[in-house]
J.: 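One structure is given below, represented as structure tokens, and several questions about it will come after.
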Amino acid sequence: MSALAVTSLAPPMGLLAELTHRCPLRCPYCSNPLELERGAGELDTATWLRVLDEAADLGILQVHFSGGEPTVRRDLPDLVRRAAERQLYSNLITSGVMLDERMLGGLVEAGLDHVQLSFQDVETGNAERIGGMAGAQAKKRAAAALIQHAGLPLTVNLVIHRQNIDHLPAMIALGAELRAERIEVAHVQYYGWGLVNRDALLPSRAQLEAATAEVEAARGRFKGRMVIDYVTPDYYAERPKACMGGWGRRFINITPAGKALPCHAAETLPGLTFPSVREASLAAIWRDAPAFERYRGTDWMVEPCRSCDRREIDWGGCRCQALALTGDAANADPACALSPHHGAMRAAIAAADRATAPGFVYRRIGAAPTVEA
Ligand code: SF4
Ligand code: FES
């Protein structure tokens with residue numbers, strides 16, 4: 001597909017509404033940027049309501065309310081209600097630690113469709129060490145019970161890495177115990193905080209192979225009862241994933257301050273100016289913004305992607321990973337074995353196979369990252 005054809009393509013399928021960067025947890029693989037937005041800079045309720053209207057008018061089908069922790073926003077029920085009124089399927093992506101009966105009741109009454117609840121591990125001590133919050137595990141379990149009691153479909157999100165991956169069988173069992181309809185087992189993606197903590201998080205090849213075998217076995221055990229999705233790690237791949245389904249093709253991400261991005265890490269890319277929903281409509285941004293056009297389609301590609309027969313399958317992989325590891329976002333994602341930079345990933349894997357893990361650099365608003373044991 002050429003860039004010209006893509007500009008006339010369908011609207012985005014999903015709106016990723018990053019309502020806030022505020023969060024009681026401090027996960028060292030957080031997908032938020034290193035520069036976190038303070039509460040004072042967040043969009044107000046009226047603007048979010050307008051964005052939801054524009055999303056529906058544009059033909060978007062799903063809205064994912066995320067953060068940070070989206071339940072810190074007191075107006076969340078109002079936003080969910082507007083999504084429901086406009087026939088947008090609403091998904092709440094939450095740590096669950098602030099979700100009490102009253103709040104969940106309000107969200108259900110407003111028309112919430114689905115919840116994704118994250119667990120850092122099955123073992124309380126390790127889970128709370130990874131998430132950086134004492135007391136979180138009991139609150140998450142309580143939230144899962146409330147969600148189940150409310151009859152909402154539940155997906156349990158399990159982000160795995162070298163410091164919890166050996167517990168994957170018990171983590172999957174936890175999802176079943178909580179009566180999740182779906183479990184998403186996702187390896188950490190290594191940009192932003194994940195890249196800062198890569199040496200602490202990247203699993204060894206033996207760990208990866210054991211986890212992959214466990215997912216396959218669990219899919220058999222839970223067939224017909226629970227779906228298990230598996231997001232594999234780029235670092236052990238031979239070909240990249242189509243990050244975000246391709247740049248500017250399937251998703252539009254709105255930051256807490258209102259910037260519209262093709263992916264949550266796009267602000268790391270130099271030379272791009274991202275428009276704000278404070279000043280432009282979603283439709284105009286999706287159609288016309290140069291930052292969305294920049295890596296849309298295939299015309300921007302260099303070799304080896306330009307002449308590759310997978311260029312309209314994976315769209316060259318991840319721009320942000322290409323930038324972080326090769327210095328140029330237009331290069332093939334180094335997850336691709338055809339990339340001349342693939343060796344950077346091989347080197348990181350070799351280090352993961354030998355090294356002992358360093359301490360985490362926990363995410364933190366408004367402070368330089370510090371290493372903690
Ligand atoms: Fe994908 Fe580019 Fe690798 Fe081809 S060369 S598989 S398009 S990343
Ligand atoms: Fe930005 Fe992959 S995270 S393109």
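Whatever order the structure lists them in is the order used to number ligands and atoms, beginning at 1. Just so you know, these numbers come straight off a predicted model, no measurement behind them. Here, residue 1 is the first one in the sequence, and each next residue gets the next number.
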J.: Taking atom CD of Glu101 as the centre, does the number of heavy atoms from other residues, nucleotides or ligands within less than 6.0 Å exceed 12?
T.: no

J.: Could you tell me whether Arg278 sits above the aromatic face of Trp48, with NZ or CZ closer than 6.0 angstrom to the six-membered ring centre and within 45 degrees of the axis?
T.: no

J.: Give the numbers and elements of all ligand 2 atoms closer than 4.0 Å to a heavy atom of Cys263.
T.: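 Every atom of ligand 2 under 4.0 Å from some heavy atom of Cys263: 1 (Fe), 3 (S), 4 (S).
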
J.: With heavy atoms of Gly316 as the reference, note each atom of ligand 1 found under 4.0 Å away.
T.: 8 (S)

J.: Going by an N to O cut-off under 4.0 Å, is there a salt bridge joining Glu37 and Arg22?
T.: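 Salt bridge between Glu37 and Arg22, a charged N being under 4.0 Å from a carboxylate O: no.
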
J.: Does a donor on one side chain and an acceptor on the other come within less than 3.5 Å for Gln116 and Thr94?
T.: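 The answer is no; no qualifying pair exists.
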
J.: By number and element, which atoms of ligand 2 are closer than 4.0 Å to a non-hydrogen atom of Cys243?
T.: 2 (Fe), 3 (S), 4 (S)

J.: Which residue holds the protein heavy atom closest to atom 2 (Fe) of ligand 1, what is that atom called, and what is the gap in Å?
T.: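 Atom 2 (Fe) of ligand 1 sits closest to the protein heavy atom Cys305 SG, 2.3 Å.
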
J.: Please determine whether a side-chain nitrogen of the Lys or Arg among Glu109 and Arg81 lies less than 4.0 Å from a carboxylate oxygen of the Asp or Glu.
T.: yes

J.: If you count every heavy atom of other residues, nucleotides or ligands that lies below 6.0 Å from Lys139 atom NZ, does the total exceed 12?
T.: no

J.: Which atoms of ligand 1 have any heavy atom of Arg239 under 4.0 Å away?
T.: 6 (S)

J.: Under 2.8 Å from atom 1 (Fe) of ligand 2, can any N, O or S atom of Cys318 be found?
T.: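 False for Cys318.
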
J.: Students should be able to answer this: which protein heavy-atom is nearest to atom 4 (Fe) of ligand 1, and at what distance?
T.: Cys308 SG, 2.3 Å

J.: Considering heavy atoms of the protein only, find what lies nearest to atom 8 (S) of ligand 1 and give residue, atom and distance to 0.1 Å.
T.: Pro240 CG, 3.5 Å

J.: Please check if the side chain of Trp247 supplies one atom and the backbone of Ala291 the other of a donor-acceptor pair under 3.5 Å.
T.: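 Yes.
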
J.: Would you mind finding which of Asp309, Asp314, Ile313 brings a heavy atom closest to atom 1 (Fe) of ligand 1?
T.: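 Checking each option, the heavy atom nearest atom 1 (Fe) of ligand 1 is found in Asp314.
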
J.: Let's go through Tyr295 and Trp300 carefully: what are the C-alpha distance in whole Å and the side-chain angles of both, what is the deciding distance for ring pair (Phe, Tyr, Trp, His ring centres under 6.0 Å) to 0.1 Å, and is it a yes or a no?
T.: CA-CA 6 Å; Tyr295 300 109; Trp300 56 274; 5.2 Å; yes

J.: What is the nearest protein non-hydrogen atom to atom 4 (S) of ligand 2, stated with its residue, atom name and distance?
T.: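 Result: Arg319 N, 3.4 Å.
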
J.: Near atom 1 (Fe) of ligand 2, is there an N/O/S atom from Cys320 that is less than 2.8 Å away?
T.: yes

J.: Among all protein heavy atoms, pick the one closest to atom 3 (Fe) of ligand 1 and tell me residue, atom and distance.
T.: Cys336 SG, 2.3 Å

J.: If you group Ile, Leu, Val, Met, Phe, Trp and Tyr by side-chain heavy-atom gaps below 4.5 Å, do Phe65 and Val97 land in one group?
T.: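 In one cluster with Phe65: Val97, no.
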
J.: Suppose I only count heavy atoms of Tyr191 and a 4.0 Å limit; which atoms of ligand 2 are within that range?
T.: 3 (S)

